[in-house]
Amino acid sequence: MIEIDSKLKQMSGTREKQMDQLFDIWKQHIKDNPLDSGRKDYLIRDGIISPKKYDIQKMKVLFVLKETNETGAICRNKSLLTEGGWIYRYLNNEIEDKLLTKITKLYQIIKSPFDIDLKDKNKRILENVAFININKRGHGEKKSKTNLKDVIKFDRELLFKQIELINPDIVIFGCNRLMGFFLDSNRKKFAVINFAKSKNIKFLETWHFSRISYKSFISDVRKYLSSEVK
């Protein structure tokens, strides 16, 4: 991955410009490293949903999921965040989505773990967060069968750079044991934490967001995050 490291070090400019540069590198990287034999991979962009709203949050939250579910024609859009993409369609009432509704309510819990109003249906608050998939490889016909360990093996440095640019205060891993993929060789700490030694970043791992109960999540948040919630 020496070539990837070299390219990442050459990135410059604003966060948004560096994100564009990162995804250009990622797109070529995916082209050079197809993990599903016989299928064309598409890079499906993700990240900060609304930079203006994200940047003014006192507590910046990043949700991490396993993989994109975008297939077929939607792959030509190549972003979850712009017109035609999954999150864009949800926020603009083009679709209803149980998972994104769940994540919206989980964010409400993170914001106010001791004063929760889960009846609030304002989905636009999702614009306050960042959202990434570990596997960003969309496919033109069928969902990916790529092993997540292989994705992390090939995309690790790119994923770390994306998280560094997002610069969250809290990272929520939405899949049991997903966090373990990011441990260093001694399995004691996150390699990704190196970019933010000066920040008290909180990491929380849950069951898949679609499976976790609100009661369980509230308990976890109160236990691990309450000291950071204002």
Side-chain angles (χ1 to χ4, degrees), residues 1-33 41-68 70 77-82 85-88 91 103 107 110 125-138 148 151-175 178-179 181-184 189-205 228:
M1 298 297 176
I2 297 176
E3 183 180 354
I4 291 293
D5 288 340
S6 176
K7 290 180 178 179
L8 294 178
K9 288 178 181 178
Q10 294 174 26
M11 289 169 42
S12 62
T14 65
R15 180 187 61 201
E16 281 65 37
K17 287 183 178 179
Q18 289 191 61
M19 280 291 190
D20 288 339
Q21 294 166 30
L22 174 64
F23 283 121
D24 286 341
I25 295 170
W26 216 321
K27 182 179 179 181
Q28 185 62 46
H29 175 72
I30 284 178
K31 183 178 180 181
D32 294 340
N33 296 279
D41 289 334
Y42 299 85
L43 173 68
I44 307 298
R45 292 183 58 152
D46 49 29
I48 299 172
I49 296 174
S50 172
K52 289 183 179 179
K53 293 186 178 182
Y54 179 82
D55 286 341
I56 64 174
Q57 301 306 309
K58 292 182 178 179
M59 179 177 56
K60 296 177 174 59
V61 180
L62 168 62
F63 288 95
V64 180
L65 280 178
K66 288 173 61 177
E67 58 193 357
T68 179
E70 300 285 32
N77 179 68
K78 300 175 185 166
S79 175
L80 299 180
L81 311 178
T82 56
W86 177 44
I87 293 176
Y88 177 94
L91 289 174
I103 292 173
Y107 176 62
I110 294 170
I125 66 171
L126 195 64
E127 293 177 310
N128 296 344
V129 310
F131 180 101
I132 68 171
N133 286 299
I134 299 301
N135 183 7
K136 306 182 194 304
R137 298 161 187 256
L148 199 62
V151 173
I152 292 175
K153 175 183 176 181
F154 282 99
D155 296 359
R156 183 184 181 94
E157 299 306 318
L158 296 163
L159 285 163
F160 284 177
K161 187 63 179 179
Q162 186 184 21
I163 295 173
E164 176 182 344
L165 290 173
I166 292 172
N167 194 25
D169 298 302
I170 299 174
V171 180
I172 312 293
F173 288 87
C175 183
L178 179 62
M179 193 165 65
F181 288 122
F182 287 88
L183 295 172
D184 66 10
K189 63 180 181 180
F190 291 99
V192 72
I193 201 70
N194 291 333
F195 79 86
K197 288 183 177 178
S198 63
K199 294 190 65 176
N200 184 26
I201 294 180
K202 296 286 187 179
F203 294 89
L204 178 62
E205 184 177 43
E228 293 297 313

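As a basis for the values below, the full set of heavy atoms in this structure was taken, side chains included, without hydrogen atoms, waters or symmetry mates.
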With side chain to side chain contact (heavy atoms under 4.5 Å, CB included) as the test, would you mind laying out the steps for E164 and F160 before giving the verdict?
CA-CA 6 Å; E164 176 182 344; F160 284 177; over 6 Å; no
Heavy-atom pair with the smallest gap, counting every atom of [X] and [Y]:
{"X": "E157", "Y": "D5", "answer": "CG-OD1, 3.6 Å"}
{"X": "Y54", "Y": "V61", "answer": "CE1-O, 3.9 Å"}
{"X": "P51", "Y": "R15", "answer": "CB-NH2, 3.5 Å"}
{"X": "D46", "Y": "F131", "answer": "CB-O, 3.3 Å"}

With sequence neighbours excluded, residues passing salt bridge (charged side-chain N to carboxylate O under 4.0 Å, His left out) with D20:
R45
Give, for atom [atom1] of [X] and atom [atom2] of [Y], the distance between the pair rounded to the nearest 0.5 Å.
{"X": "I125", "Y": "S50", "atom1": "CD1", "atom2": "OG", "value": "13.5 Å"}
{"X": "L80", "Y": "Y88", "atom1": "CG", "atom2": "OH", "value": "14.0 Å"}
{"X": "I49", "Y": "F63", "atom1": "CD1", "atom2": "CZ", "value": "9.0 Å"}
{"X": "L8", "Y": "L158", "atom1": "CG", "atom2": "CG", "value": "5.5 Å"}
{"X": "N128", "Y": "K58", "atom1": "CG", "atom2": "NZ", "value": "13.5 Å"}
{"X": "I48", "Y": "I132", "atom1": "CD1", "atom2": "CD1", "value": "10.5 Å"}

Please determine whether salt bridge (Lys or Arg N to Asp or Glu O under 4.0 Å) holds for the pair K7 and E3, giving the CA-CA distance in whole Å, both sets of side-chain angles, and the decisive distance to 0.1 Å.
CA-CA 6 Å; K7 290 180 178 179; E3 183 180 354; 3.3 Å; yes
Do you see a donor-acceptor pair shorter than 3.5 Å between the side chains of D169 and Q57?
no
Check the surroundings of atom NZ in K53: do more than 12 heavy atoms from other residues, nucleotides or ligands lie under 6.0 Å from it?
yes
For residues [X] and [Y], determine if any side-chain heavy atom of one lies less than 4.5 Å from a side-chain heavy atom of the other.
{"X": "V151", "Y": "K136", "result": "no"}
{"X": "K60", "Y": "N167", "result": "no"}
{"X": "L165", "Y": "M11", "result": "yes"}

Give the intermediate values and the outcome of side chain to side chain contact (heavy atoms under 4.5 Å, CB included) for residues M19 and Q162.
CA-CA 7 Å; M19 280 291 190; Q162 186 184 21; 4.3 Å; yes
Answer yes when R137 and D155 have at least one side-chain N-carboxylate O distance shorter than 4.0 Å, and no when they do not.
yes
Angle class for the F154/H29 ring planes (parallel below 30°, perpendicular above 60°, tilted otherwise)?
tilted
Evaluate the side chain to side chain contact (heavy atoms under 4.5 Å, CB included) criterion for residues I110 and V129: first the C-alpha distance (whole Å), next the side-chain angles of each, then the deciding distance (0.1 Å), finally the verdict.
CA-CA 11 Å; I110 294 170; V129 310; over 6 Å; no
Using the rule side chain to side chain contact (heavy atoms under 4.5 Å, CB included), only one of I172, I166, I170 pairs with P168; which is it?
I166
Checking side chain to side chain contact (heavy atoms under 4.5 Å, CB included) for the pair I4/K161: CA distance, chi angles, key distance, verdict?
CA-CA 11 Å; I4 291 293; K161 187 63 179 179; over 6 Å; no
